[in-house]
Participant: 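Have a look at the structure that comes next, please.
Counting starts at 1 for both ligands and their atoms, in listed order. Quick note: numbers below take in every heavy atom, side chains included, and nothing from hydrogens, waters or symmetry partners. Along the sequence shown, residues are numbered consecutively beginning with 1.
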Amino acid sequence: MSLLVIGSVAFDAIETPFGKTDKIIGGAATYIALSSSYLAQQVNLVAVVGGDFPKEDIKLLQDHGVDTEGLQVKEDEKSFFWSGKYHNDMNSRDTLVTELNVLEHFDPTIPASYQSSDYVMLGNLSPDVQRKVIERMENKPKLIAMDTMNFWMDIAREELDKTIAMVDVLIINDEEARQLSGEYALVTAAKKIMTMGPKYLIIKKGEHGALLFQGDKVYFCPALPLESVFDPTGAGDTFAGGFIGYLAKTDDISFENMKRAVIHGSAMASFCVEKFGTERIVNLSNREINDRVQQFIDISQVEINV
Ligand code: AMP
């Protein structure tokens, strides 16, 4: 099935306890598109970059089979730039710089060939742009998933609530779930968030796994204990790409299949953190992905008599 991905395509500068990068390719849509390209039959990208964005990085996306007809290049403007610094435990980070640049007046256009996309992943972007994409799709997609972050909760809460009300799945982290709901306990937070519109909610907890909620049902997927964690940047987006990519590949949106999708998302994210930026996820084999998924199955299984 085909998947439409929107979000930032950006330059990032990252600092972790293991090192520092200058401007490297990043952005929510970059991670989502790369990650989902290993699973979905077709990935269509809607995003915007400035004239400073390297052509070889656009080619990198194309080499992964990503359709870039919907990627606008504004020659006279600068690409979105984000910079972040991780704390020692790498579970939390501070945003140092957010320069919207080309994103400030982004008016997304959906090429005719994308109009029949079956699945939509609204990656991190201003909520009114996310909503415009939903409104500009002539055919109703089978499933719309959305990511967001505290930045938008702080500066565009009303817009955010309107967009959240239009999506099927919301994917956020634990801190964001608490801020969005005003509740501390994640189960209570989840119940409240699901009254805002989404039927499904995923709460990511970094190295502590991810929770999937639907009504009263809850599923927990652990994170794999990894030997090398260098840079968590993009792990959330890579998770989202693996999750929605698997749903698009299997075309099954039952709760049981969503559990498998969460495992695929977690497996893809586990690769992402092993190297800086997109380095680890640009060159994966199906074999590596399948082996990693199997490791998740193995650590979750136990025989027990009660
Ligand atoms: P993650 O680590 O999964 O939360 O995603 C990090 C990516 O999100 C980076 O590559 C950034 O370029 C991108 N990003 C950070 N802040 C924003 C924002 N306000 N809007 C859109 N993308 C953002």
Participant: Counting only heavy atoms, which portion of Asp12 has something under 4.0 Å from ligand 1: side chain, backbone, both, or neither?
Facilitator: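 Looking at Asp12 and ligand 1, just side chain atoms fall under 4.0 Å.
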Participant: I'd like to check Gln72 versus Lys74 (side-chain heavy atoms, cut-off strictly below 4.5 Å). Are they in contact?
Facilitator: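 They are in contact (side-chain heavy atoms under 4.5 Å apart), so the answer is yes.
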Participant: Which ligand 1 atoms, with their elements, are less than 4.0 angstrom from a heavy-atom of Met149?
Facilitator: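 Heavy-atom distances to Met149 below 4.0 Å select 16 (N), 17 (C), 18 (C), 19 (N).
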Participant: Give the minimum heavy-atom separation between Ile6 and Ile32, together with the two atoms involved.
Facilitator: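 Scanning both residues completely, I find the closest heavy atoms to be O-CD1, 4.4 Å.
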Participant: With atoms numbered from 1 as shown, which atoms in ligand 1 lie under 4.0 angstrom from a non-hydrogen atom of Phe151?
Facilitator: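 Numbered from 1, ligand 1 contributes 19 (N).
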Participant: Side chain of Glu159, backbone of Ala156: donor and acceptor closer than 3.5 Å?
Facilitator: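 Side chain of Glu159 to backbone of Ala156, a donor-acceptor pair under 3.5 Å: no, none is there.
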Participant: Return the closest protein heavy atom for atom 5 (O) of ligand 1 as residue, atom name and distance.
Facilitator: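 Nearest protein contact, heavy atoms only, for atom 5 (O) of ligand 1 is Asp237 OD2, 2.7 Å.
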Participant: Is Tyr31 near ligand 1, meaning one of its heavy atoms is under 4.0 Å from it?
Facilitator: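 Tyr31 counts as a contact of ligand 1 under the 4.0 Å cut-off.
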Participant: Strictly by modelled atom types, are Asp252 and Thr250 linked by a side-chain donor-acceptor pair under 3.5 Å?
Facilitator: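 The answer is no; no qualifying pair exists.
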Participant: Has ligand 1 got any nitrogen or oxygen that is less than 3.5 angstrom from a nitrogen or oxygen of Gly236?
Facilitator: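 Yes: some nitrogen or oxygen of Gly236 is under 3.5 Å from one in ligand 1.
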Participant: Which residue owns the protein heavy atom closest to atom 20 (N) of ligand 1, what's the atom, and how far is it?
Facilitator: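 Looking at atom 20 (N) of ligand 1, the protein heavy atom closest to it is Trp152 CZ2, 3.7 Å.
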Participant: Report yes or no: do Asp174 and His208 form a side-chain donor-acceptor pair below 3.5 Å?
Facilitator: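 Side-chain D/A pair, Asp174 to His208: absent.
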Participant: Give a yes/no verdict on whether any heavy atom in Phe81 is under 4.0 Å from an atom of ligand 1.
Facilitator: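 So Phe81 does not count as touching ligand 1.
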Participant: Write out the residue and atom name of the closest protein heavy atom to atom 4 (O) of ligand 1, then the distance separating them to 0.1 Å.
Facilitator: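 Protein heavy atom at minimum distance: Arg93 NH2, 2.9 Å.
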Participant: What's the shortest heavy-atom distance between Phe53 and Val9, and which atoms?
Facilitator: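 Smallest heavy-atom distance, with atoms named: CZ-CG1, 3.5 Å.
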Participant: Do Ser254 side-chain atoms and Asn257 backbone N/O form a donor-acceptor pair below 3.5 Å?
Facilitator: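 Present.
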Participant: Can a donor-acceptor pair be found between the side chains of Asp231 and Thr16 at a distance below 3.5 Å?
Facilitator: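 Thr16 and Asp231 do not have a side-chain donor-acceptor pair below 3.5 Å.
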Participant: Find all atoms of ligand 1 within a distance of less than 4.0 Å from any non-hydrogen atom belonging to Gly27, and give their numbers and elements.
Facilitator: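 That gives atoms 9 (C), 10 (O), 12 (O) of ligand 1.
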Participant: Are Gln294 and Asp298 close enough that a side-chain donor and a side-chain acceptor fall under 3.5 Å?
Facilitator: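 Indeed, the side chains of Gln294 and Asp298 share at least one donor-acceptor pair under 3.5 Å.
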Participant: Only heavy atoms of Gly26, strictly under 4.0 Å: list the atoms of ligand 1 that pass.
Facilitator: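 Those qualifying, in numeric order: 10 (O).
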Participant: Pick one of side chain, backbone, both or neither for how Lys204 approaches ligand 1, counting any non-hydrogen atom pair under 4.0 Å.
Facilitator: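 Under 4.0 Å from ligand 1, Lys204 contributes no heavy atoms.
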Participant: Looking at ligand 1, is there an atom of it that comes within less than 4.0 Å of some heavy atom belonging to Phe239?
Facilitator: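 Under 4.0 Å: no for Phe239.
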Participant: Looking only at protein heavy atoms, which one is nearest to atom 21 (C) of ligand 1, and what is the separation?
Facilitator: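 So the nearest neighbour among protein heavy atoms is Asn124 O, 3.2 Å.
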Participant: Note the single closest protein heavy atom to atom 14 (N) of ligand 1, along with its residue, its atom name and the distance in Å.
Facilitator: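 The closest one turns out to be Phe80 CE2, 3.9 Å.
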Participant: Check this for me: Asp154, atom CG, are more than 12 non-hydrogen atoms of other residues, nucleotides or ligands nearer than 6.0 Å?
Facilitator: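 Atom CG in Asp154 is packed in, count exceeds 12.
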Participant: Could you list which atoms of ligand 1 come closer than 4.0 Å to a heavy atom of Ala10?
Facilitator: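 That gives atoms 12 (O) of ligand 1.
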Participant: If you have a sec, work out which protein heavy atom is nearest atom 22 (N) of ligand 1 and how many Å separate them, to one decimal?
Facilitator: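 Heavy-atom neighbour on the protein nearest atom 22 (N) of ligand 1: Ser8 OG, 2.8 Å.
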Participant: Any donor and acceptor pair, going by atom type alone, linking the side chain of Asp147 with main-chain N or O of Gly123 inside 3.5 Å?
Facilitator: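 No, because the side chain of Asp147 does not come within donor-acceptor range (under 3.5 Å) of the backbone of Gly123.
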